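Report on the structure given below.
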Amino acid sequence: MAKDVLLDDLNNEQRLAIQHCDGPLLVLAGAGSGKTRVITRKFAYLAKKKKLPPASIFTVTFTNKAANEMKQRIGQHITADNKGFWVGTFHSQCNRILRREIAALGYKPDFTVYDDDDQSSLIRHILREFNIYEALFKGVVSRISMLKAQLITPEDFLARGDGFSFDEKLGRAYLKYQHELKRANALDFDDLIMLTVKLLEENPKILKKYTSLFEYLLVDEFQDTNRAQYRLMQLLSSGHNNISVVGDDDQSIYYFRGADVSNILNFEKDYPKAKVIKLEQNYRSTQSILDASGSVIAQNKDRKAKQLWTERRSDEKVCYSLVQNEDEEAKQVARSIKDLYLKGKCEYRDVAVLYRTNIQARAIEDALRAEHIPYHVISGISFYQRKEIKDILSYMRLVTNSDDNVSLRRIINSPPRGIGVSTITKVEQEAKKQGASMFRTMKLMLKSQSLAASFKDKVGEFVHLIEKLAHTPHKTAADMLKDIVERSGYLNDLEDERIQNVLELVSSAEGIPVREFLDRAALSSATDHLQESKGVSLLTLHSAKGLEFPTVFIVGLEEGILPYFKAMDSPREIQEERRLFYVGMTRAKDRLFLSSARRRRLYSKIQDQEPSRFLKDIRPKDCERVERTCSQPVAVAAPAKALPKAPKSLYIVGCRVKHPSWGIGVVRDCSGEGEDTKITVNFQSVGLKRLAVKMANLEKV
DNA sequence: AAAACTCCTCTTTTT
DNA sequence: GAGGAGTTTT
């Protein structure tokens, strides 16, 4: 019987979670407790048993990769063309809705999706006008993004007026940014969510359409949703309240991106009738791994208590080692891997090395290479973010949406066509006057009499190129890409490797419609297409989320790295660092190795390191401590104990200072230490200034 | 407008 | 210690 296939190999709680199909459900799913399985099966169950059309089950995952896997697994249970499935990330689902409905918000349906790069470049561009110290753009980008994740519009933000001058400026920059996006007919990632919410809130008819289309909602990784995403789900579930969310508060590691664990807490408030099911049986790790990771996470205050257990006996304890420096650490990892491999205990592909920051990969790579161990680094840089790829895609985007100023700026002079800063500035000023996009402005300027012939030649040629491309009917994205490459001459003078990348892009576009291809490029990431490889995986703790490996190494367990030094001032962030460690530990199925180094080279300076505070929480009985003093002669018997902590700067963010000529100001930013300390100060009289403390003759007030 | 020089920064990251 | 971005120089 079909029922057997769907439910038989599950435990009680899992089964309950699947069978609860009326009304809201919160599944608190511990690490490795089979939550993906629950969602997949539930989808199949709803389709088969409850006779819901597959296209009426709105399912959200955290990554495209997860979405694809899920679709595939669903396909094993039900037969239906999964093209019609609404299974995807929040962003791709919203994109899909907006492509149909966005006219209601005054955008054109051919809008461009801006990625982080585009977003940063637009914001920087805006900051230049705003007299905001440009180095602060990262902070501005992230704050704007945070605001959007919380559905706070520029108007809301400005109206609060909780700003002294900086927030005021931020608010205006945000307003301008939204304005520019709209003018470019572009949406950033946050817009995809925020505008979908706006769409549904402001258009009851459209809301109705989608609430009746989607009869059931499934949300994975609920602990990492932000407020806007939660609001979206509330809207879509209004009326029927058929919504299941699955998550683990202990694995919430994306606060810095706006994720809000309290969504899990609010869920029970917002849906008072919600059934709550805990999945506590772990199918992944051995008991000793669970014991060790469990005692680490237990130290967090704000969490829902749970007790993971497993039937898997442990034959090996978690292993911790303290070594001299990062090279020794890397060597030891490599040697241990080789050892396991030679003893036939694992294949290289079964091993992952996890670290807090990407730079840590370097030493590990060197050591693995030295031992001839195959490996691959899973890094944050996606294929689509490479310069040459983004350039070519920008042509494509400009062709499909000529208002897209960011893309235009990017490619107007690459390959070099002699259009330089002054020309671009001229166009920008004119565009501002006209209130038109840069492309349209350029067309207008070409018609006017008053411009130099050289300007007309160069700009004219570019405009002509784009128009020609736009007017050629291209059947597929590949056709258009070929056309772009040929006509633009982009490949001339390009390095071989980059040419290869472009060619790869073209071939990946074969048979795919232009629109679909652009969406895919915008909404997909590095890890999505990463196929299984044979070697050891090197990745950050963050990107390890959702994965599992028989053997896991976590390196760099030191104060300042994990927890990361920037998180050390805030208890909340320390808790998140701890969760990050927990996520890492629980990736391991059979074997877990931890290590820290006594000294480490950080940006050309060698620093003394202390073992991470989190290690203290692992009970001795759960962990074997190997203090292998390595092959090398022990360096100097360093008396470095006394002065590891650099004296904290006199000036901290937020304090007030007095400058001999500029008067009183507030410190906004602080970098460097000792004599090299530089601070950014917002003066009442002259605004933001960057100063070297040594020179400026400041007085603390 | 391109080349040379200088300065600055130096998490995590999906979409 | 490196790489990127912005600025100045030619």
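Letters A, B, ... mirror the listed sequences (proteins, then strands); counts begin at 1. Just so you know, these numbers use all the heavy atoms, side chains as well, and skip hydrogens, waters and symmetry mates. Nothing here was measured: the structure is a model prediction, and the numbers come from that model.
Using a 4.0 Å heavy-atom cutoff across all strands shown, A:Asn413 reaches sugar-phosphate atoms only and no base atom. Across all strands shown, A:Ile419 has heavy atoms under 4.0 Å from sugar-phosphate atoms exclusively, and none from any base.
As the counterpart of B:dT12, no nucleotide is assigned, since no Watson-Crick or G-U wobble pattern has both distances under 3.5 Å. Across all strands shown, B:dC5 forms a Watson-Crick or G-U wobble pair with C:dG6, both key distances being under 3.5 Å.
The side chain of A:Thr357 places no N or O atom within less than 4.0 Å of a non-bridging phosphate oxygen (OP1 or OP2) of B:dT12. OP1 and OP2 of B:dT11 both lie 4.0 Å or more from every side-chain N or O belonging to A:Asn358. The shortest distance between the side-chain N/O atoms of A:Thr540 and the OP1/OP2 oxygens of B:dT13 is below 4.0 Å. OP1 and OP2 of B:dT14 both lie 4.0 Å or more from every side-chain N or O belonging to A:Asn226. In this structure, A:Ser422 reaches the B:dA1 phosphate: one of its side-chain N or O atoms is under 4.0 Å from OP1 or OP2. Dashed line: the shortest gap from a side-chain N or O of A:Asn64 to OP1 or OP2 of B:dT15 is under 4.0 Å.
Between the A:Glu558 side chain and the A:Ala597 main chain, a donor and an acceptor come within less than 3.5 Å of each other.
Of the two residues near DNA chain B, A:Asp116 and A:Lys458, the one whose nearest nucleotide lies more 5' is A:Lys458.
Spacing between atom CG of A:Leu539 and atom P of B:dT12 amounts to 13 Å, rounded to whole angstrom units. Rounded to a whole Å, the NZ atom of A:Lys65 is 15 Å from the C1' atom of B:dT13. A:Lys545 has its NZ atom 17 Å from the P atom of B:dT12, to the nearest Å. Across the protein-nucleic acid pair, A:Lys426 atom NZ and B:dA1 atom C1' stand 13 Å apart, rounded to whole Å. In this structure, the CD1 atom of A:Ile378 is 10 Å from the P atom of B:dT14, given to the nearest Å. Atom pair A:Gln223:CD and B:dT14:P shows a separation of 15 Å (rounding to whole Å applied). Atom CG in A:Asp115 sits roughly 11 Å away from atom C1' in B:dT14 (whole-Å rounding). In this entry the distance linking NZ of A:Lys387 with P of C:dG4 reads 11 Å, nearest Å.
Among the nucleotides B:dT11, B:dT12, B:dT14, the one closest to the side chain of A:Lys566 is B:dT11. Across B:dA1, B:dA2, C:dG6, the shortest atom-to-atom separation from the side chain of A:Arg124 is found for C:dG6. Here B:dA1 is the nucleotide among B:dT13, B:dT14, B:dA1 with the atom lying nearest to any side-chain atom of A:Thr423. Picking from B:dA2, B:dT13, B:dT15 the nucleotide with the shortest atom distance to the side chain of A:Pro416 gives B:dA2. Closest to the side chain of A:Lys138, from the set C:dG6, B:dC10, B:dT15, is B:dC10.
Between A:Phe58 and A:Phe214, the ring planes lie tilted relative to each other; the angle falls in the 30° to 60° range. Aromatic ring orientation, A:Phe256 versus A:His542: perpendicular (interplanar angle above 60°, classes split at 30° and 60°).
The two residues A:Pro611 and A:Leu615 have their closest heavy-atom pair at CB-CD1, 4.0 Å.
For the P atom pair drawn from B:dT11 and C:dG4, the interatomic distance equals 15 Å after rounding to whole Å.
Between A:Val197 and A:Leu151, the closest side-chain pair of non-hydrogen atoms falls below 4.5 Å.
One N or O donor and one acceptor, one from the side chain of A:Arg257 and one from the base of B:dT14, sit under 3.5 Å apart. A donor N or O paired with an acceptor N or O is found under 3.5 Å between the base of B:dT12 and the side-chain atoms of A:Arg356.
Both geometric conditions, a ring-centre gap below 5.5 Å and a plane tilt below 30°, are not fulfilled together for A:Tyr254 over the base of B:dT13.
Checked against a 6.0 Å centroid threshold, the rings of A:Tyr114 and A:Phe189 do not count as neighbours.
Syn is the classification of B:dT11, since its glycosidic angle stays within 90° of 0.
For the 3.5 Å distance criterion, the side chains of A:Arg386 and A:Asn501 qualify, holding a donor opposite an acceptor.
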